[in-house]
Amino acid sequence: MRILQPARGTSDLLPSDKARHNQVVSTAQTISARCGFQDMATPIFEFTDVFRRPLGDTSDVVSKETYSFEDRGGTELTLRPENTAAVMRAVISNGLTQTLPQKYFYAGPMFRYERPQKGRMRQFHQIGVELIGPSSPLADAEVITCGADILDELGVLSKCTLHLNSLGDTESRQAYRAALISYLTQYQDSLSEDSQRRLSQNPLRILDSKDETDRQIIADAPILSDYLNEASRAHYDVLTNALSKAGIDFVADPRLVRGLDYYCHTAFEFITDALGAQGTVLGGGRYDGLAEMLGGPALPAVGFAAGIERLSLLIDEPAAASADLMVISLDKELEAEAFALASQLRRAGYSVDVPFSGNLGKKLKRADKLGAPRVILLGTDEWHNNQLQVKSLATGDTALVARDDLLSFLS
RNA sequence: GCGGGUGUAGCUCAGUUGGUUAGAGCGCCAGUUUGUGGCACUGGAGGUCGCCGGUUCGAAACCGGUCACUCGCCCCA
């Protein structure tokens, strides 16, 4: 074990990386606030059952990817692998089920023990929204539209395609699941090893298998939409109509499913081909069954999560913050005065740099690099006359300014 | 968890069939210029050649293991 490198699947966010993260988070927060989603946060770890119960033992996320541990008091805890279950737990814990709907935005780190790849970290970061209370398909439409607007604001919507599907309600999904299993069982021996395992654990997952033979078998498999009952069909129709009216493009993708057990009705993913195998940039769906799985009341809800690292890979780097001013003393005797002046200017709201070393040429070069448009120079003669030089780096012009007039000159 | 690829300076990369003190460009620091920037020139710092072991008179190079990244599977945001 070498401590001079970050643990596998984690990474440092140096300023240029952090700037991208901040850009994603602040944009998502602003856009989702426009839809009424309020920023909130839940703890980084929860009782293990918060994730284990709703996510199900068939989910890899819980069965083999969690960071779970026993604390010093013997309590079983888990670093959150996703945030939806935790937000729902918070809604129930705080008695917020009495005041619905609740609309939340969150951003923060999640943890999954996976094999790292580009866009797939062990500590990764997500932004997301949860709309808890309404069962109306218009709530689904609002969540999807909010996601699309965030991607658009970040400039990545054009690189993504919205895939949409309905998993139906419990009745529809169970009918389909039975039909699918019955169909696939005929070809059991021809299925890939992964899909044979999925047949018993999570048969819907076989629909998006990448194995060539699997795909041929799936081509003639029953279609989920044929098994939607009337209510599920109506839910989907209202949603698609609302999206079309709101100008949200999508493709119906009957093979789109979700890995987590609590999803029903709407499933959607914004997918890009710019990130290799990690193409899903923002995904979510309806999870009416989650609250009950946690031991709460029946509580319809819909939401999405998006990977900040993946979005960061797609956006242009935000412009770095530049300094407004640099204060330079031309005489070593005046260094403390320069520092005092810089402090005063900072308190007045300016972003000010004070160089610590170098001759005048180096200092001006540094001012250039920091993007400071103006430099204040303290020369001995001027200083004794209560004057300062204010030099514009763009024009090279230098103005002589009385010390007392500096702030008004600058503004 | 499975299969493939890659690890040399902060970054991008050279490094001959294994041979003396491992190089370049960019970046960084300093000087030319202790009172006026972007250019240029000169100099400097910075490397356990990912790590450990093996082969060899001799390893950055060959072999084994390991760690990390990366591509695909898997999973998913």
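Quick note on labels: first sequence line is chain A, next is B, and so on, each numbered from 1. Bear in mind the structure is a predicted one, so any value in this text is a computation, not a measurement.
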For this session: Report which part of the nucleic acid A/G284 touches: base, sugar-phosphate, or nothing (heavy-atom distance under 4.0 Å, all strands).
Result: nothing
For this session: Looking at every strand, decide which applies to A/T380 at a 4.0 Å heavy-atom threshold: base, sugar-phosphate, or nothing.
Result: base
For this session: Remember a base hit wins even if backbone is also touched, and classify A/L377 as base, sugar-phosphate or nothing at under 4.0 Å, heavy atoms.
Result: base
Exercise. Under 4.0 angstrom, heavy atoms only, what part of the nucleic acid is A/G379 near: base, sugar-phosphate, or nothing?
Worked result: base
Exercise. Touch check for A/G119, heavy atoms < 4.0 angstrom, all strands: base, sugar-phosphate only, or nothing?
Worked result: base
Problem set entry | Gap in Å between the two C1' atoms, one belonging to B/A14 and one to B/G23, rounded | 7 Å
Problem set entry | Minimum-distance nucleotide to A/Q5 side chain [options: B/U36, B/A30, B/C67] | B/C67
For this session: Please work out if A/E382 contacts a base, only the sugar-phosphate, or nothing of the nucleic acid, heavy-atom cut-off 4.0 Å.
Result: base
For this session: Measure from CD on A/Q278 to C1' on B/U70 and round the result to the nearest Å.
Result: 11 Å
For this session: In whole angstrom, give me the gap between the P atoms of B/A22 and B/G46.
Result: 13 Å
For this session: Remember a base hit wins even if backbone is also touched, and classify A/F124 as base, sugar-phosphate or nothing at under 4.0 Å, heavy atoms.
Result: base
Exercise. Between B/U6 and B/G64, how far is it from one P atom to the other, in whole Å?
Worked result: 13 Å
For this session: Mind listing the closest non-hydrogen atom pair of A/C146 and A/I31 along with its distance?
Result: O-CG2, 4.2 Å
Problem set entry | Length of the CG-P vector between A/L364 and B/C39, whole Å | 13 Å
For this session: Would you mind checking if A/D194 and A/R197 are paired as a salt bridge, meaning a charged N to carboxylate O distance below 4.0 Å?
Result: yes
For this session: Assign A/A305 to base, sugar-phosphate, or nothing according to its heavy-atom contacts below 4.0 angstrom with the strands shown.
Result: sugar-phosphate
Exercise. Nearest to the side chain of A/R8, which nucleotide is it out of B/C29, B/C75, B/A68?
Worked result: B/A68
For this session: With heavy atoms under 4.0 Å as the rule, sort A/G9 into base, sugar-phosphate or nothing.
Result: sugar-phosphate
For this session: Name the nucleic acid region contacted by A/K332, choosing base, sugar-phosphate or nothing; use a 4.0 angstrom heavy-atom cut-off, strictly under.
Result: nothing
Exercise. Side chains of A/R346 and A/S343: do they bring a donor and an acceptor to under 3.5 Å?
Worked result: no
For this session: For B/G1, give its Watson-Crick or G-U wobble partner with both distances under 3.5 Å, or none.
Result: B/C73
For this session: Under 4.0 Å between any heavy atoms, over every strand shown, what does A/D331 touch: base, sugar-phosphate, or nothing? Just pick one.
Result: nothing
For this session: Record whether the side chain of A/R310 comes under 3.5 Å of the base of B/C76 through a donor-acceptor pair of N or O atoms.
Result: yes
Exercise. Within the structure shown, what part of the strands sits under 4.0 Å from A/K391 by heavy-atom distance: base, sugar-phosphate, or nothing?
Worked result: base
Problem set entry | Residue A/D194, side-chain heavy atoms: nucleotide from B/A77, B/G37, B/C74 that is nearest | B/C74
For this session: For A/L360, report the nucleic acid contact type (base, sugar-phosphate, nothing); a contact means any heavy atom under 4.0 Å.
Result: base
Exercise. Within the structure shown, what part of the strands sits under 4.0 Å from A/S329 by heavy-atom distance: base, sugar-phosphate, or nothing?
Worked result: nothing
